[in-house]
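Predicted, not measured: the structure shown is a model, and the values here were computed from it. Labels below follow one simple rule: chain letters A, B, ... track the order of the sequence lines, proteins then strands, and each chain is numbered from 1. Side-chain atoms are counted along with the backbone in the values below, which use heavy atoms only and exclude waters and symmetry mates.
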2 protein chains.
Amino acid sequence: MSFYSEQKKFFFAVDCVLFSYDDNGLNVLLSKRLYEPFKQNLSLVGGFVNENESAEEAAKQVLQSFTGIDNIYMEQLYAFTDIGRETTQRTISLAYFALINIQEFKQQADKENTAQWFAIENLPELIPEHTKILEFAKERIKYRAAKQPLLFELLPEKFTILQLHTLYEKVFDIQFDRRNIDRKLKQTNILVKLPEKDKAGSRRGAFYYKLSEKEIKNFTEFGNIVPLKYHLSM
Amino acid sequence: MSFYSEQKKFFFAVDCVLFSYDDNGLNVLLSKRLYEPFKQNLSLVGGFVNENESAEEAAKQVLQSFTGIDNIYMEQLYAFTDIGRETTQRTISLAYFALINIQEFKQQADKENTAQWFAIENLPELIPEHTKILEFAKERIKYRAAKQPLLFELLPEKFTILQLHTLYEKVFDIQFDRRNIDRKLKQTNILVKLPEKDKAGSRRGAFYYKLSEKEIKNFTEFGNIVPLKYHLSM
DNA sequence: TCAAAAGTGTTAAATGTACACCCATGG
DNA sequence: CCATGGGTGTACATTTAACACTTTTGA
């Protein structure tokens, strides 16, 4: 096609901000870069998009290759297209945002063994663009968590209300009144109380809950799990 | 760079959903495609990204070339990367969303004279991907209009409260109680009442308002200009 | 003087938030 | 029996939305 032949072509990559959650709070997966520029530096996990796949497929593939997990929650974040982002070759980067339950993470899936979790409170220096992408991702997780049942992606199947509550506090970096947030969470009806208790935290024990498959289907939005003033707009 | 040389490259285009507003409601600018595939079909205005520009610059350039306007409100919408979107050549498309005051539109800026406004209620058939992009844009305008002072971009500098109110109704396709929305709009303090009146609509005449340069700087969010139930999340 | 649109206030309901006490249990 | 975290309810403040009458003025 003559019209197309006049046009330039670009490298096209995906960068994934993969979050997990543990006692340190939120973590993000970084890996050592295996190629220039910034070879050996830590960076978000990513890869080039191939001819025969969409960016979404490429991102899924990246995540699968680093974690060994197949069906990871993932959404498109933002496209970064500035020139001179990387010094050697101009590359279009499409950022994705993803969440996993860290208990399902399989380190050995990462053949090169270059990937490592870092607490988001204590990150190494990244290339400026990745720092920016991370900022977008931290906004996005707060934005969604306030409105949608998203944070469950970070927890095991069974969890206590306190675990969930604490997760909200870590994500928002704010303390929430236990009585209010617990009640709101329970009122959603997307939680099913299990007969078992987690006895680790107290003598009395706290009941485990899981997501209700049935209710989650019809469920659309939280009525303000977190106080309105902490809601973001995007 | 040997690593890069193994990677595929892609065409990279921007597609812009440019909205304007008049008595017909919201309009979108479409143009006849000058190249295959779908040559002569109507499509969103767009263009390829050049080597020496970011996607944002490319989109600004597209909008400027079709409208003659320089500083157009614009934001990134979503990247569409599916294979087989277009039949001949695989192209990555980054969609942008933009708003103008139709009174500033200069038809003659469009050298090929291929661009035309269409009421969004009455659009011709577009390629499926552009239909999808438009859906994203219609969501986005509602999402933002509910929270941010965005719709002013569609109006002339001076406007009446009724014009603004009607615009909200067209965007959301809902009737809003005049007493509530007018009061909320005025309470924001981002509106300045002008001494002049628009006498076209009534004997009494309705005061013109304009945006307050001063207040708009500090302004962040509407407290629910439109009822909460009409808010979207993205 | 009247028709037609502009302008404005009140109230009831729902929602959000602050707050404190009892419960169950294992040691 | 008591220390520890688990579990729950109430009341007040704020926000939201429904609703209707008065004003202005040109013809």
Side-chain angles (χ1 to χ4, degrees), chain A residues 23 142 145-147 155 158-169 172 174-189 191-210 219-233, chain B residues 23 145-147 155 158-170 172-189 191-210 220-233:
Chain A
D23 294 337
K142 283 192 225 178
K147 303 197 163 50
L155 292 175
K158 299 186 302 189
F159 48 83
T160 64
I161 298 290
L162 178 61
Q163 281 173 339
L164 187 51
H165 169 184
T166 307
L167 172 51
Y168 271 90
E169 293 189 334
F172 285 88
I174 284 164
Q175 311 254 115
F176 298 116
D177 186 288
R178 188 162 59 94
R179 289 161 289 190
N180 289 332
I181 198 171
D182 289 16
R183 173 163 25 82
K184 286 177 189 172
L185 285 166
K186 288 174 184 167
Q187 276 176 356
T188 59
N189 285 336
L191 297 183
V192 179
K193 190 188 225 169
L194 299 176
E196 310 147 67
K197 280 184 163 184
D198 169 20
K199 310 283 279 187
S202 70
R203 309 201 188 294
R204 184 181 183 174
F207 280 106
Y208 279 117
Y209 287 76
K210 63 165 186 166
F219 189 80
T220 53
E221 286 221 350
F222 288 137
N224 306 326
I225 285 290
V226 305
L228 266 175
K229 60 181 163 184
Y230 301 119
H231 282 236
L232 304 182
S233 50
Chain B
D23 295 337
K147 303 197 161 51
L155 292 175
K158 299 185 304 190
F159 47 83
T160 64
I161 298 290
L162 178 60
Q163 281 173 341
L164 187 50
H165 168 184
T166 308
L167 172 51
Y168 271 91
E169 292 188 335
K170 294 280 189 176
F172 285 88
D173 201 19
I174 285 164
Q175 310 254 116
F176 298 116
D177 186 289
R178 190 162 58 94
R179 290 161 290 189
N180 289 332
I181 197 171
D182 289 15
R183 173 163 24 83
K184 286 177 190 173
L185 285 166
K186 288 175 185 169
Q187 277 176 355
T188 59
N189 285 337
L191 296 183
V192 179
K193 190 189 226 168
L194 298 176
E196 310 147 68
K197 280 183 163 184
D198 171 19
K199 309 284 280 189
S202 70
R203 307 200 189 296
R204 184 179 184 175
F207 281 105
Y208 280 117
Y209 287 77
K210 64 165 187 169
T220 52
E221 286 221 348
F222 288 136
N224 306 326
I225 286 290
V226 306
L228 267 174
K229 59 181 163 185
Y230 302 119
H231 282 237
L232 304 181
S233 50

Practice problem: For nucleotides 1-9 of chain D, just jot down a letter per nucleotide in 5' to 3' order: B, S or -, based on protein non-hydrogen atoms under 4.0 Å. | Solution: ----BBBBB

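For the side-chain contact (heavy atoms from CB on, under 4.5 Å) with A:F159, the qualifying choice from A:L191, A:T166, A:L167 is A:L191, the only one to do so.
Separating the CG atom of A:L228 from the C1' atom of D:dA13 is a distance of 14 Å, rounded to the nearest angstrom. When rounded to the nearest whole Å, the span between NZ of B:K229 and P of C:dT15 equals 11 Å. Between the CD atom of B:Q187 and the C1' atom of D:dT15 there is a distance of 11 Å, rounded to whole Å. We find that CG of B:D198 is positioned 15 Å from P of D:dT25, with the value rounded to whole Å. If you take CG of B:N224 and P of C:dG16, they are 11 Å apart, rounded to a whole angstrom. In this structure, A:H231 places its NE2 atom 14 Å from P of C:dT15, rounding to the nearest Å. Here the P atom of nucleotide D:dA17 and the CD atom of B:Q175 are 16 Å apart, to the nearest Å.
Every residue was checked against the ring pair (Phe, Tyr, Trp, His ring centres under 6.0 Å) condition with A:Y208, not counting sequence neighbours, and none meets it. Shown here are the ring pair (Phe, Tyr, Trp, His ring centres under 6.0 Å) partners of A:Y168, two or more places apart in sequence or in another chain: there are none. Qualifying side-chain contact (heavy atoms from CB on, under 4.5 Å) partners for B:D173, counting only residues two or more places apart in sequence or in other chains: none. Residues meeting the side-chain contact (heavy atoms from CB on, under 4.5 Å) test with A:S233, sequence neighbours left out: B:Y143, B:K147, B:Q148, B:E221. The salt bridge (Lys or Arg N to Asp or Glu O under 4.0 Å) check on A:K197 picks up nothing, with sequence neighbours excluded.
Taking 4.0 angstrom as the limit, A:K184 places a side-chain polar atom (N or O) nearer than this to OP1 or OP2 of C:dT17.
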